[in-house]
Amino acid sequence: MSEDCIFCKIICGAIPSKKIYEDDEVIALNDINPSASVHFLIVPKLHIASLASCKTQHQALLGHMLLLAPKLAKEHGLAGFKTLINTGAAGGQEVFHIHIHVLGGGEKSPKA
Ligand code: 5GP
Ligand code: ZN
């Protein structure tokens, strides 16, 4: 838990949100500013700043997050989808709590 982190606040319930998925390790929620008809984020409950901060100990968690993408995409009716992990400010990352973007169903803007 990082006190300044918006995703940590969402995970602990300090900021209300409509989660589309939750288990012991992760949540998924619709992006507040979607770039496609379907655009959700897969976010670990553990605060890890970015992919560049991940260590070997996070390998299983990263695999779990990645395998959720096709499962949740299918549940949202997507025949195909894009995944995106922005890493570092120079990589376009705005929220420094690692997350996977899942986008599909037609782009709304060229962001991803
Ligand atoms: P990044 O640029 O860090 O990869 O992506 C951060 C994403 O988080 C952005 O697409 C942004 O729209 C989304 N986001 C930022 N704040 C919130 C929030 O409070 N709730 C939700 N659901 N998404 C957020
Ligand atoms: Zn966090």
Side-chain angles (χ1 to χ4, degrees):
M1 168 89 190
S2 169
E3 294 194 355
D4 296 332
C5 173
I6 186 110
F7 287 169
C8 281
K9 287 180 182 163
I10 288 172
I11 288 159
C12 78
I15 295 176
S17 71
K18 193 173 162 234
K19 301 179 183 83
I20 62 168
Y21 176 85
E22 180 168 15
D23 64 26
D24 288 347
E25 312 258 25
V26 308
I27 62 165
L29 70 169
N30 287 317
D31 198 292
I32 204 168
N33 184 22
S35 299
S37 305
V38 176
H39 182 178
F40 59 85
L41 307 171
I42 299 173
V43 186
K45 290 185 173 177
L46 181 66
H47 179 90
I48 305 168
S50 80
L51 186 58
S53 311
C54 286
K55 311 276 187 236
T56 309
Q57 72 209 56
H58 302 124
Q59 200 165 313
L61 177 60
L62 290 169
H64 179 55
M65 291 168 63
L66 207 50
L67 285 174
L68 272 173
K71 173 181 152 60
L72 297 179
K74 190 174 179 189
E75 286 176 12
H76 284 75
L78 297 177
F81 58 91
K82 294 180 184 180
T83 49
L84 176 73
I85 305 174
N86 293 321
T87 302
Q93 187 175 3
E94 293 173 359
V95 177
F96 285 83
H97 179 135
I98 190 173
H99 50 281
I100 301 175
H101 295 253
V102 179
L103 304 110
E107 292 188 14
K108 288 184 174 170
S109 81
K111 178 192 171 188

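Counting convention: from 1, in listed order, for ligands and their atoms alike.
- Judged by the shortest distance from any of its heavy atoms, F96 lies outside the 4.0 Å radius around the atoms of ligand 1.
- The ligand atoms of ligand 1 that sit less than 4.0 angstrom from a heavy atom of H101 are 1 (P), 4 (O), 5 (O), 7 (C), 10 (O).
- Listed by number with element, the atoms of ligand 1 under 4.0 Å from a non-hydrogen atom of G92 are 2 (O).
- Enclosure of atom NZ in K19 by more than 12 non-hydrogen atoms of other residues, nucleotides or ligands within 6.0 angstrom is indicated.
- Residue contacts with ligand 1: L84 is excluded, as none of its non-hydrogen atoms falls under 4.0 Å.
- Of all heavy-atom pairs spanning D24 and K45, the tightest one is O-CD, 3.4 Å.
- When distances from the Zn ion (ligand 2) to the N, O or S atoms of H47 are compared, ND1 comes out shortest.
- Residue H97 approaches the Zn ion (ligand 2) most closely through its N/O/S atom ND1.
- In D4, the CG atom is not crowded: 12 or fewer heavy atoms of neighbouring residues, nucleotides or ligands sit closer than 6.0 Å.
- Between V95 and ligand 1, a contact under 3.5 Å exists for at least one N or O pair.
- For the pair V102 and A69, the tightest heavy-atom approach, listed with the atom from each and the gap, is CG2-CB, 3.9 Å.
- Without hydrogens or angle criteria, Q93 side chain to A49 main chain gives a donor-acceptor distance under 3.5 Å.
- Heavy-atom minimum distance, S50 versus I98: C-CD1, 3.9 Å.
- Side-chain atoms of H58 do not come within 3.5 Å of backbone N or O of C54 as any donor-acceptor pair.
- Ligand 1 has an N or O atom lying under 3.5 Å from an N or O atom of N86, backbone or side chain.
- Numbered from 1 in the order shown, with element, the atoms of ligand 1 that lie under 4.0 Å from a heavy atom of L29 read 22 (N).
- Close N/O approach between H39 and ligand 1 is not found [any backbone or side-chain N/O within under 3.5 Å].
- Here H99 and H97 keep their ring centres 6.0 angstrom or further from each other.
- Ligand 1 has no N or O atom lying under 3.5 Å from any N or O atom of F7, backbone or side chain.
- With ligand atoms numbered from 1 in the order given, ligand 1 contributes 12 (O) to contacts under 4.0 Å with heavy atoms of N33.
- If you number the atoms of ligand 1 from 1 as listed, the ones under 4.0 Å from a heavy atom of Q93 come out as 2 (O), 3 (O).
- Considering only non-hydrogen atoms, atom 21 (C) of ligand 1 lies nearest to I32 out of I6, I32, I15.
- When heavy-atom distances to ligand 1 are checked against a 4.0 Å cut-off, L41 comes that close only through its side chain, counted from C-beta outward.
- The two residues M65 and V26 come nearest to each other via the heavy atoms CG-CG1, 3.8 Å.
- Closest heavy-atom contact between N33 and H39: O-ND1, 4.3 Å.
- Neither the backbone nor the side chain of F40 comes within contact range of ligand 1; no heavy atom lies under 4.0 Å.
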